[in-house]
Amino acid sequence: MATTNPTTRSARSASSPSRPAGAKTAKPATPPSKPARGTDKDAPLKEDIRLLGRLLGEVVREQEGDDVFEVVETIRQTAVRFRRESDAKAGAELDKLLKKLTRDQTNSVVRAFSYFSHLANIAEDQHHNRRRRAHLLAGSEAQPGSVAYALSRLDDAGVSGAQVRSFLKEALVSPVLTAHPTEVQRKSILDAEREIARLVAERDLPLTPRELRHNTELLRARIATLWQTRMLRYTKLTVADEIENALSYYRITFLRELPALYDDIEAEIDSQFPSRAKARVAELPPYLQMGSWIGGDRDGNPNVNAATMQHALKRQSTTIFDYYLDEVHTLGAELSISTLMVDASPELLALADTSPDHSEHRADEPYRRALIGIYARLAATARSLGVVNILRQEIGSAAPYANPADCVAELDVLVTSLQAHHGAALVKPRLAGLKRAVEIFGFHLATLDMRQSSDVHERVLADLFAKAQVEADYAALGEERKIALLLGELSRPRLLYSPYVQYADETDSELTILRAAREIRRRYGERAIRNYIISHTETLSDLLEVLLLQKETGLLHIEGNQLQALELMVIPLFETIPDLRCAAEIMRGWLTQPQVKGLIAKHGKLQEVMLGYSDSNKDGGFLTSNWELYKAENQLVELFNEAGVKLRLFHGRGGTVGRGGGPSYQAILAQPPGTVNGQIRLTEQGEIIASKFSNPEIGRRNLELLVAATLEASLMPTNTDSKEARKLAEFERVMEELSERAYQAYRNLVYETTGFTDYFFAATPIAEIAQLNIGSRPASRKASQRIEDLRAIPWGFSWGQCRLLLPGWYGFGSAVSGWLGEAGHAKETSRRLATLRAMCKEWPFFAALLSNMDMVLSKTDLAVASRYAGLVADRKLRNTIFGRITDEHERTSTVLSTITGSKERLAANPLLARSIKNRFAYLDPLNHLQVELIKRHRATAAAKRTPEERVQRGIHLTINGVAAGLRNTG
């Protein structure tokens with residue numbers, strides 16, 4: 001355990017353990033002695049939660065009065081008794097209490113319980129950091145998920161340091177930040193919570209009584225700020241708002257933690273493989289890079305266009321130049337080295353002489369003069385890229401940098417000179433990180449992906465073909481004729497587009513966006529935009545269409561009738577179950593096209609494919625989605641190996657397990673052999689971004705997990721003997737049978753049961769979620785109530801709100817119980833069960849699948865869900881569908897326990913189990929109130945009366961609170 005001050009702990013004991021949310025102020029307890037060996041390791045977490053709960057209670061009493069405080073406290077105590085003791089009388093009391101609340105009391109209660117969930121999250125994050133530091137202090141650096149652990153495993157397996165370094169020179173690991181329509185956190189709330197997190201972390205330091213009192217006062221003030229800050233948005237979130245929200249995580253975490261992580265990984269490699277000479281600063285290229293969809297993802301979002309893309313790059317560039325300029329300015333103050341004391345290299349002296357600084361006071365300080373010159377060049381570069389309001393005016397004018405590499409080269413002059421003249425110790429504190437940052441972030445900060453739906457490309461080309469009198473009705477053509485037409489046009493140097501012809505607005509917009517991408521690459525560098533993702537890829541022509549659109553806008557270069565260079569990699573996104581099943585065949589057609597083969601060769605024989613977890617789950621259910629993804633990956637690996645092309649998979653994972661969520665480390669290790677191979681991109685979405693990256697220490701840990709998992713998944717030798725191959729083949733055969741059964745069960749409920757859509761829209765808050773100002777993208781692709789048109793994100797989010805989390809488990813119970821029941825006799829049933837247990841123990845894919853399902857089931861609550869089912873007016877429909885869901889939940893829980901051998905949920909993760917159990921008492925009132933408020937709101941709408949603003953606000957507040965309490969919900 002991290003070293004703590006006994007005085008620090010005294011404040012944490014100031015409230016009773018039985019009153020964590022709103023306990024009354026108590027006298028400070030006597031400072032305890034230092035925790036003895038064997039003390040509960042989670043005691044500091046409990047103390048943090050008590051403290052934050054007590055302070056929240058004080059704020060509620062002060063801000064809302066004694067009556068509201070007493071109401072909140074009574075509800076809290078009753079909910080805790082109901083949850084912990086399964087007290088039916090307490091349940092009835094709770095229901096009665098909640099129904100008696102006035103409109104104003106309701107919102108105050110909702111806010112109190114919502115903020116408790118937020119504060120509990122902060123305490124848990126701090127405890128994760130505390131436990132990790134305790135392991136490090138104990139000398140246990142090589143924990144699973146760390147790079148040290150990965151390197152140790154590789155070393156034991158006979159992988160050399162040279163192999164690791166060679167691997168990283170070719171690798172790319174890229175988390176890609178995306179916005180989505182269930183992000184419920186306001187930036188103002190996140191900012192306040194970050195300050196609370198900092199203050200909670202400070203309490204682990206040795207503090208004097210005065211410092212501790214001051215810390216507590218500041219915590220109370222920040223919680224009061226939270227209480228007085230509007231939790232909800234009253235205006236629709238814009239793309240520009242989403243861009244700013246994402247950029248805040250760069251300032252908090254990525255700008256400093258990414259370069260520092262590179263240095264740590266370099267040091268770990270040197271430590272694990274000591275035979276190698278010490279590495280120079282930034283020897284390895286930037287294998288870990290950030291990506292973004294925010295401002296470039298047009299699929300279903302009419303608010304994204306050329307202007308938003310240009311705005312995204314301008315804001316990204318401004319963010320990174322602000323950082324560079326601040327770091328260079330600080331370095332100028334720090335590197336006060338005088339040539340009267342120590343020599344400098346001729347190259348540094350020459351660089352200093354080019355500086356606009358000619359002050360005699362700094363004539364003997366070449367590092368400062370060089371940095372003043374670098375600052376001036378960076379400022380000039382920033383202005384040339386549209387950055388305004390540079391805070392510190394440069395001393396004189398200088399030429400802008402042509403590219404980031406020129407800036408890196410000048411910084412390297414400083415590094416080399418310091419290392420050669422007894423200044424190596426001065427490199428690491430700031431200069432090494434700055435140089436590494438320029439290599440990682442360039443002048444663009446993060447690669448902005450473009451994404452659009454294939455049907456939009458088809459409409460645009462149909463317009464171009466018709467206006468050019470090449471093909472009157474392109475959309476009506478069969479696939480073979482489309483391919484022939486597209487290939488023919490790609491071999492011709494002339495363009496379809498004419499500036500003298502009037503096109504549809506959509507055509508003009510799409511072409512303008514592609515031209516903007518071309519200009520962005522010229523201004524900010526090739527890494528600024530380099531990927532074009534095609535949603536709903538269903539045919540080979542969907543890929544060829546984007547090639548032709550790039551040709552029309554100068555992004556695909558042609559000489560004579562030969563394609564020369566492609567600026568944006570064309571990346572198919574396979575989303576639905578049928579799409580995943582066709583992925584390999586479509587890519588075979590792509591890889592074997594002669595013109596395409598030449599373009600791929602010029603991309604370093606590398607091709608990316610994106611796989612969608614969300615839509616495949618909504619389409620086919622949890623088990624089938626995971627299995628079809630697994631099969632598609634294996635088929636793609638085999639195909640790409642045959643073609644001699646390196647495959648990079650882009651995993652479109654969401655926050656919930658039903659959308660591919662769950663621990664990233666285990667998810668990467670569970671990928672089929674050969675599918676990672678040093679190349680992986682994956683999405684990080686919505687509130688999951690806040691959960692992973694709003695705390696720098698946790699953010700760094702999550703980035704390290706990605707690198708460590710990629711190293712292990714790519715370089716660890718796999719057992720390929722015939723016995724293992726036969727065992728895997730048997731496991732896969734069983735999974736195929738289970739998947740088919742689960743698919744039928746899921747499809748039958750969701751798409752084949754009459755009235756299911758009506759049930760879903762009545763028994764979940766989907767309609768209310770669609771009204772929230774929580775994203776720039778509509779909740780549905782079309783103005784309909786068809787589940788097929790609903791986006792996968794609000795689909796999963798809605799099931800989380802009503803505490804069923806159905807997309808994360810439904811169908812598994814029917815599949816397994818049906819397969820076991822079909823055995824025919826006891827001996828065969830026993831054999832089949834033994835096979836499932838072996839799959840759980842020996843197959844990482846199946847083990848990860850069950851682990852994620854275990855977590856989802858631990859958060860599912862049928863008693864709460866039944867209250868939402870009560871919102872369905874049709875009693876017969878309600879009983880039929882909820883009864884089926886209940887039966888499947890029981891089957892799934894039973895077979896999961898049978899396979900794993902554990903009746904308790906999360907038996908392998910007791911900390912998470914306790915966390916979830918403790919949260920339920922504070923989620924229950926929010927769910928119950930949400931149901932009551934939805935009833936009132938819908939009754940008002942049915943009577944065609946004007947909706948009550950307080951009721952709507954209360955519903956939205958409960959959505960926020962439940963999302964915070966469940967954490968991975970979107």
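Values in this document were obtained by computation on a predicted structure and should not be read as measured data. Computation of the quantities below employed the complete heavy-atom set of this structure, encompassing side-chain atoms and omitting hydrogens, waters and symmetry-equivalent molecules.
By the 4.5 Å heavy-atom criterion applied to side chains, Tyr751 and Phe756 are not counted as neighbours. Side-chain atoms of Leu566 and Lys602, non-hydrogen and from C-beta on, never get closer than 4.5 Å to each other.
Salt-bridge check for Arg891 with Glu888: passed, with a basic side-chain N closer than 4.0 Å to an acidic carboxylate O. Ion pairing of Glu736 with Arg733 is absent here, as no side-chain N (NZ or NE/NH1/NH2) approaches a carboxylate O to less than 4.0 Å. Ion pairing between a basic and an acidic side chain is recognised when a charged N comes within 4.0 Å of a carboxylate O; Lys692 and Glu684 show such pairing.
Using a 3.5 Å distance cut-off with no hydrogens or angles, the side chains of Thr624 and Ser739 do pair a donor with an acceptor. Gln163 and Ser160 form a side-chain donor-acceptor contact under 3.5 Å, judged by distance and modelled atom types alone. Defined by atom type and a distance below 3.5 Å, a donor-acceptor pair is present between the side-chain atoms of Glu732 and Tyr630. Side-chain contact of Glu567 with Gln550: a donor-acceptor pair under 3.5 Å is absent, judged by distance alone.
Using the six-membered ring where Trp is involved, Trp809 and His889 have ring planes that are perpendicular, over 60° apart on the 30 and 60° scheme. Ring-plane geometry between Trp799 and Phe760 is classed as tilted, the angle between the planes lying from 30 to 60 degrees on a 0 to 90 degree scale.
Seen from the ring of Tyr287, Lys169 does not count as a face-on cation partner, given the 6.0 Å and 45° thresholds.
In this structure, OG in Ser664 is found 7.5 Å from CG in Leu705, a value given to the nearest 0.5 Å.
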Requested in this report: Mind running salt bridge (Lys or Arg N to Asp or Glu O under 4.0 Å) on Glu822 and Arg741 for me, showing each step along the way?
Outcome: CA-CA 12 Å; Glu822 191 185 67; Arg741 291 172 182 272; 2.7 Å; yes

